[in-house]
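This report refers to the structure that appears directly beneath it.
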There are 2 protein chains.
Amino acid sequence: MTDAATTPTPDSLRPRTRIQQKNREAILDAALGVFARDGFAGATLDRIAAEAGLSKPNLLYYFRSKEAMHHALLADLLDLWLDPLRAIDPAGEPVAEILTYVRRKLGMSRNLPRESRLFANEILQGAPRLQGVLGGELAGLVEEKAAIVRGWSAAGRIAPVHPKHLFFSVWALTQHYADFDAQVVAVLGPEADRRWLDAERHLMQLFTALLTPAPGLFKQGGAG
Amino acid sequence: MTDAATTPTPDSLRPRTRIQQKNREAILDAALGVFARDGFAGATLDRIAAEAGLSKPNLLYYFRSKEAMHHALLADLLDLWLDPLRAIDPAGEPVAEILTYVRRKLGMSRNLPRESRLFANEILQGAPRLQGVLGGELAGLVEEKAAIVRGWSAAGRIAPVHPKHLFFSVWALTQHYADFDAQVVAVLGPEADRRWLDAERHLMQLFTALLTPAPGLFKQGGAG
DNA sequence: GTCTATATTAAGATAGAC
DNA sequence: GTCTATCTTAATATAGAC
């Protein structure tokens, strides 16, 4: 079955010419930067137009409103954002699985800081446009992964931790380096160049200490 | 020496009638809520006026501009924000000092969430009005306290950690519960009522695990 | 599809009566 | 000190030519 009118084709996937695609992407890229820095209310179409290299009315040819641009960005974001969490494998080695998760999330902070800030802005403002998704898709996925962590704790393969607060910790610690970068850089001064490397080392140490089970208790099966 | 004209009296301390004081405080209180939720650009004088129970022109009788209100809030905030960090005592028991610090910071997230979000909004936007203070007062204080932590690590009284990234971790983990409350509540669902208690337990466990030095290495002096 | 010109609304700030 | 009325600017969005 090829793509057809059977399933309602989402707006973001409607076929377009190469020029249309290119302009759409240029607009969304510019909008991402502006929304991330200035928030929804602080962002202006003038700025987005300038950064995209298009005129303001031309922006509104591609998106019917500022709101629509913001919506298009957010709609794609959560999926991307949750990829590392989805990748947690119940069959993997528990501590390694979580350390990998942390490393991936930190990598996203480093490589996608605008996305992180867009998300942070939205949540800070009470998640007016994400409420449903947070309580639905996100809560469901977290519930599923929390059960895995709970199982690992019960089996003594990691220390007993509150699974959901463990995830909060991963989010808080990794996203901090994107969202609060201005503060991180100001505090570190000349050390700031090394911040991503030092952050990774620090977070590996932190989660290893938190999760490594106390020796001699429960351990069943051992390594491998 | 009582207060006199010797030191330039800051605007926020100029003597006022009780009514003036009360209105000023009502305005700042309302402004704090609105700036925290909507960011600087998203905040409107109409909203602030409504929440303060005053007319818009009356707001501008007390503060010459929206910018001035924001400035007044930020000016007081950093001092308050850094109090728990200042309280870290080099003569205290290392792990206990840091756990106390974490507990105080978490308490501030719980009791002063608007302040936390105001601060987060500002940093998220690149700290345009705090750059100087972050690189000055904040960086200086962190440097001082980092030296203490470094000393504790060197003496084997806590595990060897990167002191500044340790502070970042405290900030990220505690402020997350204020700034991302919408997400925390959505993910926890019915558990959300217990979030502050569970967060405290989780963070105590996390920092205890991170900081407690490996037994048998270095330990000099022991308990007491 | 892209532009110039413009309608419309909202928000910061001021004037001036009381 | 506080209000109503208003000025002014800036920003979203649209009309209509090309």
Side-chain angles (χ1 to χ4, degrees), chain A residues 11-74 118 121-122 125 128-129, chain B residues 11-74 118 121-122 125 128-129:
Chain A
D11 193 57
S12 57
L13 294 179
R14 224 170 19 199
R16 292 192 180 77
T17 69
R18 259 204 306 286
I19 284 189
Q20 277 176 323
Q21 268 301 350
K22 194 165 166 261
N23 278 343
R24 253 187 88 90
E25 279 161 23
I27 292 169
L28 286 178
D29 188 67
L32 174 58
V34 176
F35 283 133
R37 167 154 302 254
D38 302 333
F40 179 77
T44 70
L45 293 182
D46 274 309
R47 235 185 174 58
I48 298 173
E51 292 200 16
L54 295 170
S55 71
K56 196 159 49 159
N58 207 4
L59 251 61
L60 293 164
Y61 170 78
Y62 287 94
F63 295 89
R64 58 159 43 79
S65 69
K66 174 176 159 180
E67 178 74 36
M69 281 176 218
H70 194 251
H71 181 79
L73 286 169
L74 275 186
L118 176 68
N121 259 308
E122 186 61 19
Q125 276 149 45
R129 305 154 228 262
Chain B
D11 192 59
S12 58
L13 295 179
R14 225 172 19 201
R16 292 192 180 79
T17 69
R18 259 203 306 284
I19 284 187
Q20 277 176 322
Q21 269 299 350
K22 195 166 164 265
N23 278 343
R24 253 188 87 91
E25 281 162 22
I27 292 168
L28 286 179
D29 188 66
L32 175 57
V34 176
F35 283 133
R37 168 156 300 257
D38 303 332
F40 180 77
T44 70
L45 293 182
D46 274 309
R47 233 186 174 60
I48 297 173
E51 292 200 15
L54 295 169
S55 69
K56 194 159 55 158
N58 206 4
L59 249 63
L60 293 164
Y61 170 79
Y62 287 94
F63 295 88
R64 57 160 44 81
S65 68
K66 172 177 161 180
E67 177 75 35
M69 282 176 218
H70 194 252
H71 181 79
L73 286 169
L74 275 186
L118 177 68
N121 259 307
E122 186 62 19
Q125 275 149 46
R129 305 153 229 262

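The chains referred to below are lettered A, B, ... by the order of the sequence lines, with proteins before strands, and numbering in each begins at 1.
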Give the C-alpha distance, both sets of side-chain angles, the deciding distance and a yes or no for side chain to side chain contact (heavy atoms under 4.5 Å, CB included) between A:Phe40 and A:Glu122. CA-CA 8 Å; A:Phe40 179 77; A:Glu122 186 61 19; 5.9 Å; no

List the steps and the verdict of side chain to side chain contact (heavy atoms under 4.5 Å, CB included) for A:Phe35 and A:Met69. CA-CA 10 Å; A:Phe35 283 133; A:Met69 281 176 218; 4.1 Å; yes

Taking it one step at a time, do B:Arg129 and B:His71 satisfy side chain to side chain contact (heavy atoms under 4.5 Å, CB included)? CA-CA 8 Å; B:Arg129 305 153 229 262; B:His71 181 79; over 6 Å; no

Between A:Gln125 and B:Asn121, is a side chain to side chain contact (heavy atoms under 4.5 Å, CB included) present by the stated rule, with each step listed? CA-CA 9 Å; A:Gln125 276 149 45; B:Asn121 259 307; 4.3 Å; yes

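Stem regions for DNA chain D, each three or more consecutive Watson-Crick or G-U pairs with both distances under 3.5 Å and listed by first number, read C:1-18 with D:1-18.
When rounded to the nearest whole Å, the span between CG of B:Leu60 and P of D:dC7 equals 18 Å. Here C:dA11 presents its P atom at 18 Å from CD of B:Glu67, a figure rounded to the nearest Å. Remark: P of D:dA10 and CZ of A:Arg47 are 14 Å apart, rounded to the nearest angstrom. Between B:Ile48 atom CD1 and C:dA11 atom P there is a gap of 12 Å when expressed in whole angstrom units. Remark: P of D:dT14 and CG of A:Leu59 are 13 Å apart, rounded to the nearest angstrom. Atoms CZ (B:Arg64) and C1' (C:dA15) sit 17 Å apart, rounded to a whole Å.
Counting only residues at least two apart or on different chains, the salt bridge (Lys or Arg N to Asp or Glu O under 4.0 Å) pairs with a member in residues 27-43 of chain B are B:Asp29-B:Arg114, B:Asp38-B:Arg47.
In terms of heavy atoms, B:Ala72 sits closest to B:Phe63 at CB-CE2, 4.0 Å. Here the closest heavy-atom approach between residue B:Leu28 and residue B:Leu73 is recorded as O-CD2, 3.7 Å. The two atoms that bring B:Ala52 and B:Ala26 nearest to each other are CB-O, 3.9 Å, heavy atoms only.
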Any chance you could list the contact pattern along nucleotides 2-7 of chain C? Use B for base contacts, S for sugar-phosphate-only contacts and - for none, protein heavy atoms under 4.0 Å, 5' to 3'. BBBB--

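Residues from residues 28-46 of chain B that place a heavy atom under 4.0 Å from any atom of DNA chain C, listed by number: B:Ala43, B:Thr44, B:Leu45.
Proximity of B:Arg64 to B:Leu60: side-chain heavy atoms (C-beta onward) are nowhere separated by under 4.5 Å.
The side chain to side chain donor-acceptor pair (under 3.5 Å) search around A:Glu25 returns none, not counting sequence neighbours. Under the salt bridge (Lys or Arg N to Asp or Glu O under 4.0 Å) criterion, B:Lys66 pairs with no residue at all, not counting sequence neighbours.
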